[in-house]
Structures are given as structure tokens and as C-alpha cells.
Amino acid sequence: NAGVTQTPKFQVLKTGQSMTLQCAQDMNHNSMYWYRQDPGMGLRLIYYSASEGTTDKGEVPNGYNVSRLNKREFSLRLESAAPSQTSVYFCAHGTVSNQPQHFGDGTRLSIL
Amino acid sequence: DQQVKQNSPSLSVQEGRISILNCDYTNSMFDYFLWYKKYPAEGPTFLISISSIKDKNEDGRFTVFLNKSAKHLSLHIVPSQPGDSAVYFCAAIQRRSARQLTFGSGTQLTVLP
């Protein structure tokens, strides 16, 4: 979807397990983002990266870490998964006045 | 406290007619607004935006209107097509001091053939 590939598409974890969500874009954009979407709520920013090697916290960063090792890839890591992290996770890239333009198809994550 | 509200979870419109999706906000410091469209099992895609210095922005069949005094924006789709059936999110930001967008909860638009 719009040059963004997210893997996996679905995942079930047990509480306390760790997991890395992968995101890759093929449009050479500097900006990349990780969002989560919960039922009845809008998307909320977890972390963003303005360029390769830089990352900044968003609205809901607790319990997550990110890595932007190169321009193309931006990964999101849950070190010790909690049921409150059950959500749909979207990676995004590109910029419209410094805001995300294209989102991936999402990773549906359930934590039991 | 939801700073961006889309009070209608769903809207049904006949093909060819106008669709009007509404969004209200409470933070008067927001100065940039965006609309995103989301199909099932896909991520949102940017649709159209408007700066607070304008009251209207048009892109083909899509027009966004901004009423700053009422803290209200709306997305008009004319004419509506079945392919427009999707969830529409509005989002807002105060660009000078914030990084992240504040999203509404979305409105499901169904265009009936």
C-alpha cells in the first residue's frame, strides 16, 4: 500500500513476550512514523523519525522502542508485551506539511 | 478529553449525491487540518488538507471547509461514488509547537448505488 510494507500482518503474543514489527518504504522519504489505532479512537503517534538515525517520542511511547538504521526501514519493538498493547499498528511515511502521507496496511497485534 | 471529534460514526448517501462529513475541534490553537481515507484492511491515505489561513480548499470532487469561529470543518464529496465508501478521519495539529496529529475517531461513509 503506497510503497509501505509492514510485517507481520497478524500476530498473537503472550504477556511478557517480545516482538519487533517491521516497516519498509520504497519511496525514499525521510520521515517515517509508527501509530496505533484502538477501537473507537483515532490514530495515536507512538514514535516518529525525521531522518535516518534520528527518532523522537510521540504521544504514547511507553512500552515501545524504535530503530531507524537506514532510510528505508523503521522498526517498532515491544520488549515485554502487555495486554494494553493489543492494537492495530500502522507505519507511515512521506510528508504533507511534515505530517504522514502514506500508511501501511497495518499489523493486528493481540496480547493475551 | 477528545480535542477532535467526529460525532457521526456512520453516514449513508446515494450515489451521485453530496456527502458531507463533519469534524469539530476544541483547541483553538490548531492551525492545520487534514483528512484521511481508509479502506478495510488497508492503511489510511492522505486525502486533502487546509491551513487555518484559508476557509476552503478544493481538490477535484473533494472540498474541505473550515469555520474557525465555530471550530468546525467539513469534507464535501460531490458527486459521491461507490468507491468513496470508506472510513474518513479528520486530524489537526498546531504546527509551531506540536509534532503529532490529533485524530478524530472516524466516520464510515457508505455510498449506495
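Excluded from the calculations below are hydrogen atoms, water molecules and symmetry mates; all remaining heavy atoms, backbone and side chain alike, are included. A note on names: the letters A, B, ... follow the listed sequences, proteins ahead of strands, and every chain is numbered from 1.
The CG atom of D105(A) sits 13.0 Å away from atom OH of Y39(B), with the distance rounded to the nearest 0.5 Å. From F89(B), atom CZ reaches atom CD of Q37(A) across 4.5 Å, with rounding to the nearest 0.5 Å. Between H102(A) atom NE2 and F46(B) atom CZ the span is 9.5 Å, to the nearest 0.5 Å.
Looking at Q6(A), neither its backbone nor its side chain comes within 4.5 Å of chain B, counting heavy atoms on both sides.
Per-residue heavy-atom pair counts under 4.5 Å with chain B were compared for G106(A), A92(A), P39(A), G58(A), and the maximum is reached by G58(A). Ranked by heavy-atom pairs shorter than 4.5 Å toward chain A, the options A41(B), S51(B), C90(B), G106(B) are led by A41(B).
Residue V87(B) is grouped with residue L101(B) when hydrophobic side chains (ILVMFWY) are merged at heavy-atom distances under 4.5 angstrom, including chains of intermediate members. Hydrophobic clustering keeps Y89(A) apart from Y33(A) (ILVMFWY residues linked when any side-chain heavy atoms are closer than 4.5 Å, directly or through intermediates). Under a hydrophobic clustering in which Ile, Leu, Val, Met, Phe, Trp and Tyr are joined whenever their side-chain heavy atoms come within less than 4.5 Å, directly or via other members, F103(A) and V60(A) fall into different clusters. Clustering ILVMFWY residues whenever any of their side-chain heavy atoms sit less than 4.5 angstrom apart, transitively, puts W34(A) in a cluster other than the one holding F103(B).
Within a 6.0 Å sphere centred on CZ of R108(A), heavy atoms belonging to other residues, nucleotides or ligands number 12 at most. For R17(B), the CZ atom sits in a loose shell: 12 or fewer heavy atoms of surrounding residues, nucleotides or ligands are nearer than 6.0 Å.
In terms of heavy-atom proximity, E42(B) sits nearest to F90(A) at O-CE2, 4.0 Å.
Inter-residue side-chain proximity for L43(A) and Y36(B) is flagged as unmet; no heavy-atom pair is nearer than 4.5 Å.
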